[in-house]
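The structure appears right after this line, and notes come after that.
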Number of protein chains: 2
Amino acid sequence: MAPKSDAESAVTSALVSANVRADAQRNADAVLSAAKEVFAEKGVDAPVRDIAAKAGVGIGTLYRRFPKRSDLIKAVFKQEVDACAATAADFSAQYSSMEALTRWLHRYTDFIAAKRGLSSALRSGDPAYDELPDYFRARFEPVLGELLRQASEVQEIRADIEAYDLLRAIGNLAAATGDGSADHTRRMVGLLVDGLRNPPRKGSNL
Amino acid sequence: MAPKSDAESAVTSALVSANVRADAQRNADAVLSAAKEVFAEKGVDAPVRDIAAKAGVGIGTLYRRFPKRSDLIKAVFKQEVDACAATAADFSAQYSSMEALTRWLHRYTDFIAAKRGLSSALRSGDPAYDELPDYFRARFEPVLGELLRQASEVQEIRADIEAYDLLRAIGNLAAATGDGSADHTRRMVGLLVDGLRNPPRKGSNL
DNA sequence: TGATAAACGGAACATTGTTCCGTATATTTC
DNA sequence: GAAATATACGGAACAATGTTCCGTTTATCA
């Protein structure tokens, strides 16, 4: 059945519906795209001017669509959450339910690890980011829930796993590792997934 | 025996030994003290000028001793680490080994909770703060280690607790709680301490 | 007490977020 | 297709804040 969950309609480009002039739409997209790159390169503290320059627009143009620096950060964050959530459907279509689940959890792990810079912004106390945790959950919980359901339906994993708990657990795992030990995190997540299997198999570490 | 651990000689005031003019020493102390207050009031993002003003010195004077903003933050952090570490000796002198341990762990919990703003600075990736984690560990590990040793000597707690593990465990506990649920954290730490007791007693939740 | 090195204070500079407004252009109207 | 108009554009200018510089003041010492 795989119902298209509510969390499907994504913000793939800034300014979706409104009656905007074509150039405005084009520029907004360019800015968002530039912001994504610049943030990835120089971190979320990169100057707004750099983003405007990379997008090939003036600062005024940037500020017209993203009145606050935090608006840009939020927009990029949401877009990447959407992108990560969207891969779940791809994996589901391409792989067995268990493999889809495993692949997506690793994808999610990478997402969290890449967003380390953002996590400090989230905890900065700036109320501008208050909405992000909810957005995060609203997008990811149904997606992972569906993957879990499909895997448990074919009796590959336990049926009593809460999507939200798993999201948080992995989130903490991946965000906590101070150094660049991406490998370590991957292994930890592997263990976690192993622990989901039903029934626990011989040789499992959990 | 209670050996005065290496971690005793603390930076209680900026500029300890060097041949400094009296006014310089006085001003440096005033700045450090003002910084502590201002950071507590307005967070670590407070403007340097506010600190200079509160200390009653010019900006130039402040910058003479703390050439970078991060130097101020580091100095305050170290001073508060020292203050927290120092209470262990007081508690040891005043209370039973078990009570001293418990009290100090709560003191440490409060310290971590109060430093939430700093923790994001630590993870900001700014290499200026690279030294802090080591400082943190160098100060706290011997102190807690001694408290644990004393408590285990009188057979109140298990002997196989690693000071560092406990520091980290409580650190994560106290830092993770997003809201201002200080009470919740206190209870969690209480549980943890309960779990240290040797042997596990009837009625223990662990 | 006078000489001098050290310290002081704050003006000035650099960077960066944000606002403002004169100019340019996409869209609509006829 | 051309004029009218609302919309968008670009970047100069402002504000906040970290940092540097240097003329003036002062603690220290002989």
Side-chain angles (χ1 to χ4, degrees), chain A residues 13-35 38-39 41-76 117-118 120-121 124-129, chain B residues 13-35 38-39 41-76 117 121 124-129:
Chain A
S13 70
L15 277 56
V16 274
S17 54
N19 255 8
V20 223
R21 257 168 55 173
D23 55 348
Q25 177 73 59
R26 212 180 323 120
N27 282 331
D29 288 348
V31 166
L32 197 51
S33 164
V38 172
F39 286 156
E41 266 175 49
K42 312 186 184 177
V44 283
D45 289 334
V48 179
R49 280 168 178 77
D50 289 3
I51 296 170
K54 182 151 216 160
V57 306
I59 321 170
T61 300
L62 186 156
Y63 267 87
R64 166 169 301 267
R65 297 304 168 193
F66 304 95
K68 295 283 188 180
R69 179 194 168 66
S70 59
D71 293 328
L72 253 182
I73 294 177
K74 284 191 290 184
V76 170
L118 270 185
S120 47
S124 69
D126 186 334
Y129 301 109
Chain B
S13 71
L15 278 56
V16 275
S17 55
N19 256 7
V20 225
R21 257 169 54 172
D23 54 347
Q25 177 73 60
R26 212 180 322 121
N27 281 332
D29 289 347
V31 166
L32 197 52
S33 164
V38 171
F39 286 157
E41 266 175 49
K42 312 186 185 179
V44 282
D45 289 335
V48 179
R49 280 168 177 78
D50 288 4
I51 296 171
K54 182 152 216 159
V57 306
I59 320 170
T61 301
L62 185 155
Y63 267 88
R64 167 169 302 266
R65 297 304 168 192
F66 304 95
K68 297 281 188 180
R69 179 195 169 64
S70 61
D71 293 327
L72 253 182
I73 295 177
K74 283 191 291 185
V76 169
S124 69
D126 187 335
Y129 302 110

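Every chain is numbered from 1, with letters handed out A, B, ... down the list of sequences.
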Spacing of B:I59 atom CD1 relative to D:dG18 atom C1', expressed in whole Å: 9 Å

Gap between atoms CZ and P, on A:F66 and D:dA8 respectively (whole Å): 13 Å

Side chain of A:V57 (C-beta onward), nearest among D:dG10, C:dC8, D:dT7: D:dG10

Any donor-acceptor N/O pair, B:D29 side chain to B:R26 backbone, under 3.5 Å: no

Polar side-chain atom of A:D71 near backbone of A:K68 as donor-acceptor pair, under 3.5 Å: yes

Nearest-neighbour nucleotide for the A:D23 side chain, C:dT18, D:dA8, C:dA7 considered: D:dA8

Any donor-acceptor N/O pair under 3.5 Å between D:dT20 base and B:R64 side chain: no

Separation of atom CG in A:D126 from atom P in C:dG17, rounded to whole Å: 13 Å

Spacing between B:N27 atom CG and D:dT26 atom C1', to the nearest angstrom: 12 Å

Nearest to side-chain heavy atoms of B:A24, which nucleotide of C:dA11, C:dT16, C:dC8: C:dC8

Given C:dG17, D:dT19, C:dT27, the nucleotide with the shortest approach to the side chain of B:Y63: D:dT19

Rounded distance in Å - CD1 (B:I51) to C1' (D:dG18): 12 Å

Nucleotide D:dC9, atom P - distance to CG of A:L62 in whole Å: 10 Å

Residue closer to the 5' end of DNA chain D, A:T61 versus B:A46 (nearest nucleotide): A:T61

B:R65 side chain, from C-beta outward: closest of C:dA7, D:dT19, D:dA12: C:dA7

Residue A:R21, side-chain atoms from C-beta onward, closest of C:dT27, C:dA11, C:dA7: C:dT27

Residue from A:V20, A:V31, A:V57 passing side-chain contact (heavy atoms from CB on, under 4.5 Å) with A:R65: A:V20

Sugar-phosphate, base or nothing in reach of B:R69, heavy atoms under 4.0 Å: sugar-phosphate

Closest-nucleotide ordering on DNA chain C, the 5'-leading residue of A:K68 and A:R26: A:K68

Whole-Å gap separating C1' (C:dA11) and CZ (B:R49): 10 Å

